[in-house]
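Below is one structure, written out as structure tokens; comments come after it.
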Amino acid sequence: MSTPADSSSHARQSTFDRYGICNNPWMDLQQLRAFLAVAEELHFGRAAERLHMAQPPISRGIQQLERELGARLFERSTRKVTLTSVGEALVAPAQEVLDALDRVSRVARAAGTGEIGHVRLAYAGASSNVMVGLLARAVNQNHPGIHLELLSQHFAQPAMQLLTRGDIDIALGRWDHIPAAVRTRVIAVEELVIAVPETHRLADAGAVSIAQFEGEPFVSLQPQTGTLLLERLRQMSRAAGFNADVVQHAPDSWTLMSLVSAEIGCSLTLSSVIDSIADPHLRFLRLTDDVAPVELRMAWLRDSDDRALHAVLRLSESVLPTPQG
């Protein structure tokens, strides 16, 4: 059974076929614009003003269109202009043709400027969630034709491997070494802190040295994730004269902090985690050791010419600006 929408569509198609709107190679789009302007204004003078044209070319265009279609579109008198039945039937199909042309033009322009495309972004960690959310909302608002695919739980080294293979377009992570084929931009600078349970003997110290944790159990992210924090913990503890005793690993920052809260061990983590994970049983202690801050970077392939990617990168400069200094 046909629906009203089906019937309407069939009627419009019949009009297209009958009067050759789609198949007439001599039909001028300017004639269709002139026809619609006159059909809406029912006045040749006002239609000419609307199209920023003189009136005679409008009249000639309508007459030529009528000759090509073999039917009158308007009844003209000294007092008024009215649509004929053929003219009324052609209004909707003519508008559809012009709308379709406009859509084609907009899609072509959008694709040419990177307004349409698919960008894959890999990230991980509690501290990245807020930033990724800010960027995703900005892309939706400013580039609705770009689909930003978010791939979570891709830690730094695995994400870099995906990026260099071309499996993703953008990676967020913390790396000490960047491949030559990759460009990066710093989007956050974070301090290293020690997370301890509220019952820890140093919980109220405020600031501590890593040397004060000799012999303490530590918990850390899994080594296969290539996390920079585990390497920093090893470097700092060795510099203080001991090897950190990592008693348990966690797959993500939330699990890691729950292990600290459960008094399984202390953890070296980032200052950004303080605002990302709310647990009243946790304490975060500043380090007095001379340690370099950690840079969170946005990374992409240096030679990529993908327009959608570069549109997202440009937008990110205002949404996630590089910290001053």
Partners meeting side-chain contact (heavy atoms from CB on, under 4.5 Å) with N243 (sequence neighbours left out): R238

Should F218 and H249 be marked as a ring pair (Phe, Tyr, Trp, His ring centres under 6.0 Å) after you check the CA-CA gap, both sets of side-chain angles, and the distance that decides it? CA-CA 9 Å; F218 277 85; H249 294 99; over 10 Å; no

Full working for side-chain contact (heavy atoms from CB on, under 4.5 Å) between L83 and F35: CA-CA 10 Å; L83 280 163; F35 163 70; 4.1 Å; yes

Has R120 got more than 12 heavy atoms of other residues, nucleotides or ligands less than 6.0 Å from its CZ? yes

Residue list, salt bridge (charged side-chain N to carboxylate O under 4.0 Å, His left out) with R165, at least two apart or on another chain: D167

Between H281 and E263, a side-chain donor and acceptor under 3.5 Å: no

Does D245 use its side chain to pair, donor to acceptor, with the backbone of P217 at less than 3.5 Å? no

Please check: side-chain N/O of H43 versus main-chain N/O of G45, any donor-acceptor pairing under 3.5 Å? yes

Flag, side chain of S77 to backbone of R79, donor-acceptor distance under 3.5 Å: yes

Interatomic distance, CG@D279 vs OG@S258, rounded to 0.5 Å, equals 8.5 Å

State plainly whether the residues R174 and E231 are in salt-bridge range, i.e. N to O under 4.0 Å. no

Residue pairs passing the salt bridge (Lys or Arg N to Asp or Glu O under 4.0 Å) test where at least one lies in residues 30-58, sequence neighbours excluded: E40-R50, E41-R46, E41-R50

Got a donor-acceptor contact below 3.5 angstrom from the W175 side chain to the A156 backbone? yes

Answer with yes or no whether the side chains of S272 and E190 bring together a donor and an acceptor at under 3.5 Å. yes

Please report the interatomic distance CG(L150) to OG(S128), rounded to the nearest 0.5 Å. 11.5 Å

Derivation of the salt bridge (charged side-chain N to carboxylate O under 4.0 Å, His left out) call for E66 and R76: CA-CA 13 Å; E66 288 176 325; R76 307 162 177 83; 3.3 Å; yes

Has S209 got a side-chain atom pairing as donor or acceptor with Q212's backbone, closer than 3.5 angstrom? no

Do side-chain atoms of T255 reach the backbone of P251 as a donor and acceptor pair under 3.5 angstrom? no

Is it true that R183 and S304 share a donor-acceptor pair across their side chains at a distance under 3.5 Å? no

May I ask you to decide if P280's main-chain N or O and R283's side chain share a donor-acceptor pair within less than 3.5 Å? yes

Evaluate the ring planes of F74 and F44, with Trp represented by its six-membered ring, and classify them as parallel (under 30°), tilted (30 to 60°) or perpendicular (over 60°). perpendicular

Supply the atom-to-atom distance Q248 CD to Q222 CD, rounded to the nearest 0.5 angstrom. 10.0 Å

Has T322 got a side-chain atom pairing as donor or acceptor with I187's backbone, closer than 3.5 angstrom? no

Do side-chain atoms of R234 reach the backbone of A244 as a donor and acceptor pair under 3.5 angstrom? no

Mind checking the CE-CG spacing from M236 to L192? Nearest 0.5 Å is all I need. 6.0 Å

How long is the span from the CG atom in L282 to the NE2 atom in H200, to the nearest 0.5 Å? 12.5 Å

Between the side chains of Q161 and Q157, is a donor N or O closer than 3.5 angstrom to an acceptor N or O? no

Is a side-chain donor or acceptor of D252 paired with a backbone partner of W254 at a separation under 3.5 angstrom? yes

